[in-house]
Novice: 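Sending over a structure as structure tokens; questions will come in a sec.
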Amino acid sequence: MTEHTRNTRDTRNDQNARKARGTRNARDTERNGNAGRTRGTGGHGSGTHDVVVVGGGAAGLSAALVLGRARRRTLVVDAGEPRNAPSSHMQGYLSRDGMAPAEFLAVGREEIARYGVELVRDRITDVTRDGDFTVVLGAGRTVRARRLVVATGLQDELPAVPGVAERFGRDVLHCPFCHGWEVRDEPFGVLAAGPASVHQALMVSQWSKDVTLFLHTVAEEELSGQDLRRLAAAGVEVVPGEVAELLVEDDRLTGVRLADGSVHARSVLYVAPRPVPRTGLLERLGAAMDETPFGTYPVVDPTGLTTVPGVWAAGNAIGFAEQVVHAASGGYRAAAAIVGDLLMADLDAAVTG
């Protein structure tokens, strides 16, 4: 047999194998989509979901994908309020670098639908536990769930400076890892929200050597000698005085005006929003919480399991610094743990009769 003939046959075999796999995958997806509505209820009744995922961002969709592929009946309840909605792109996610957040979520919703996962646009107004969980949705629907994944994220509370909220996610930014490359070498400003903003000013100097720290409501004496030495070494200019407003021309940030009337030309402004975790559901369930300088978050184990049995948390619901890639990973870990937890619970129930 010639090499050409062998290669041609191998190519044909590969193509046939791929077709067979595609047919099998389509058949399995259809079967899972149908079976997922009755399978895996563990004897809790056809009206019970194995898992309700609260939040349809990266963490929630990732958890739902793993659960759907494990043939667990899953419902995602999403209020449609992703943290990164103001951004036109997300960065640093391998293979998805530069992708629009809305596109990322749309693809995720398509993927979970292949495995029979249901998604509803709603929010949860109440949840109680009596063995399983009773979940009440805003539209009035009540569902039962054996396990919960809370991926409700957080809200960024922005400084009350005119122009900041309107331009947030465009040329008013908070994370250089998310957007620093795209605005590299431009004149940066950093709006201080406290002494910790010194760290932000030092970090963004990695992306531009023209950085000004506007102390705003922070007094100069609040900065330590070490802070001042580091700022000087990084070439960061420190400007005291309260910021009154941002200046915009042709829909672009052009400068920062102080309360004394002085104007500083800047094309990018970094701010430090106050993170407000959406943890009301977890608090209602009695989860232990941990106070941090960046908000109050649930105490979780490495899989995201909270102190409430049967309740996992993932994404920005467990920490303000969870990027999209971290959130997706956290959702995956939580779902994998839940799959094992449900399996063992069903087997133990079968053994004990």
Side-chain angles (χ1 to χ4, degrees), residues 32-34 36-38 40-41 44-69 72-86 101-156 276-287 298 304 306 308 310-318 322 324 327-328 330-331 334-335 338 342:
N32 290 344
N34 293 328
R37 303 184 185 281
T38 56
T41 59
H44 289 242
S46 61
T48 298
H49 289 79
D50 287 310
V51 186
V52 168
V53 178
V54 191
L61 291 177
S62 180
L65 179 63
V66 174
L67 292 164
R69 286 177 54 81
R72 286 296 178 177
R73 189 180 185 203
T74 304
L75 170 69
V76 177
V77 181
D78 181 30
E81 300 172 349
R83 181 188 182 189
N84 61 358
E103 181 185 358
F104 177 82
L105 296 178
V107 171
R109 289 191 287 268
E110 291 176 0
E111 289 179 350
I112 66 171
R114 298 175 195 167
Y115 301 99
V117 174
E118 181 186 0
L119 184 148
V120 296
R121 287 288 191 194
D122 208 335
R123 62 179 72 245
I124 291 176
T125 58
D126 193 22
V127 59
T128 56
R129 186 182 181 197
D130 54 356
D132 290 340
F133 299 92
T134 299
V135 179
V136 181
L137 278 59
R141 178 181 176 186
T142 298
V143 297
R144 299 276 289 172
R146 299 177 64 191
R147 303 292 185 270
L148 294 179
V149 176
V150 178
T152 44
L154 61 79
Q155 180 179 358
D156 289 307
V276 182
R278 298 188 180 109
T279 53
L281 187 64
L282 292 168
E283 294 171 8
R284 194 174 305 139
L285 288 166
T306 70
V308 180
V311 180
W312 275 255
N316 283 137
I318 67 169
E322 297 293 292
V324 178
I338 290 171
L342 286 171

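Bear in mind that the values here come from a model prediction, so they are computed numbers and not experimental data. Quick note: numbers below take in every heavy atom, side chains included, and nothing from hydrogens, waters or symmetry partners.
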Novice: Show the nearest heavy-atom pair for residues Pro298 and Thr306, with the distance to one decimal.
Specialist: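 That would be CB-CG2, 4.4 Å.
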
Novice: Applying side chain to side chain donor-acceptor pair (under 3.5 Å), can you list everything that pairs with Arg141, at least two apart in sequence or on another chain?
Specialist: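 Glu118.
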
Novice: Can you check whether Glu322's main-chain N or O pairs, donor with acceptor, with Asn316's side chain at less than 3.5 Å?
Specialist: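 Judged by distance alone, yes, a pair lies under 3.5 Å.
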
Novice: Applying side chain to side chain contact (heavy atoms under 4.5 Å, CB included), can you list everything that pairs with Arg109, at least two apart in sequence or on another chain?
Specialist: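 Leu61, Leu105, Ala106, Leu119, Arg121.
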
Novice: State whether the side chain of Ser62 and the backbone N or O of Gly331 hold a donor-acceptor pair below 3.5 Å, judged by distance alone.
Specialist: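 Not confirmed, Ser62 side chain does not pair with Gly331 backbone.
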
Novice: Taking all heavy atoms of Leu282 and all of Ala313, pick out the closest pair and write down the distance.
Specialist: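 Heavy atoms only, the tightest pair is CD1-CB, 4.3 Å.
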
Novice: Compare every heavy atom of Val52 with every heavy atom of Ala145, then report the nearest pair and how far apart it is.
Specialist: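 Answer, listing the atom of Ala145 first, then Val52: CB-CG2, 3.5 Å.
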
Novice: Excluding sequence neighbours, so at least two apart, what forms ring pair (Phe, Tyr, Trp, His ring centres under 6.0 Å) with Phe104?
Specialist: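 So Phe104 forms a ring pair (Phe, Tyr, Trp, His ring centres under 6.0 Å) with Tyr93.
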
Novice: Work out which heavy atom in Ala58 is nearest to a heavy atom in Val324; give both atom names and the distance.
Specialist: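 For Ala58 versus Val324, the nearest heavy atoms are CB-CG1, 3.7 Å.
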
Novice: When rounded to the nearest 0.5 angstrom, what distance separates OG1 in Thr152 from CD1 in Ile318?
Specialist: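 So the OG1 of Thr152 and the CD1 of Ile318 are separated by 11.0 Å.
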
Novice: Taking side chain to side chain contact (heavy atoms under 4.5 Å, CB included) as the test, write out the residues that go with Thr128, two or more places apart.
Specialist: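 Thr128 satisfies side chain to side chain contact (heavy atoms under 4.5 Å, CB included) with Asp126, Thr134 only.
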
Novice: Tell me whether Thr74 contacts the main-chain N or O of Arg72 through its side chain, where contact means a donor paired with an acceptor under 3.5 Å.
Specialist: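 Between the backbone of Arg72 and the side chain of Thr74 there is a qualifying donor-acceptor contact (under 3.5 Å).
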
Novice: What is the minimum heavy-atom distance between Gly310 and Phe133, and which atoms define it?
Specialist: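 Minimum heavy-atom contact is O-CE1, 3.9 Å.
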
Novice: Got a second to check how far Arg278's CZ is from Arg83's CZ, nearest 0.5 Å?
Specialist: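 Arg278 atom CZ to Arg83 atom CZ measures 9.5 Å (nearest 0.5 Å).
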
Novice: Working to the nearest 0.5 Å, report the span between CG of Leu75 and CZ of Arg144.
Specialist: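 Rounded to the nearest 0.5 Å, the CG-CZ separation comes to 14.5 Å.
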
Novice: Ala63: which residues meet the side chain to side chain contact (heavy atoms under 4.5 Å, CB included) condition with it, sequence neighbours left out?
Specialist: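 Here the qualifying residues are Val149, Ala335.
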
Novice: Taking only residues two or more places apart in sequence or in another chain, which ones pass side chain to side chain donor-acceptor pair (under 3.5 Å) with Arg123?
Specialist: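 Testing Arg123 for side chain to side chain donor-acceptor pair (under 3.5 Å), a comparison that skips the adjacent residues, returns Glu81.
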
Novice: Mark yes or no for whether Asp122, through its side chain, and Val77, through its backbone, hold a donor-acceptor pair below 3.5 Å.
Specialist: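 No: the side chain of Asp122 does not pair with the backbone of Val77.
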
Novice: Over all heavy atoms of both residues, which pair between Gly286 and Val308 is shortest? Give the atoms and the distance, please.
Specialist: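 Minimum heavy-atom separation between Gly286 and Val308: C-CG2, 3.9 Å.
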
Novice: I need the Glu111 CD to Arg69 CZ distance, nearest 0.5 Å.
Specialist: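 Taking CD in Glu111 and CZ in Arg69, the distance rounds to 10.0 Å.
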
Novice: Give, for atom NE2 of His49 and atom CG of Leu67, the distance between the pair rounded to the nearest 0.5 Å.
Specialist: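 Separation between the atoms: 12.0 Å.
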
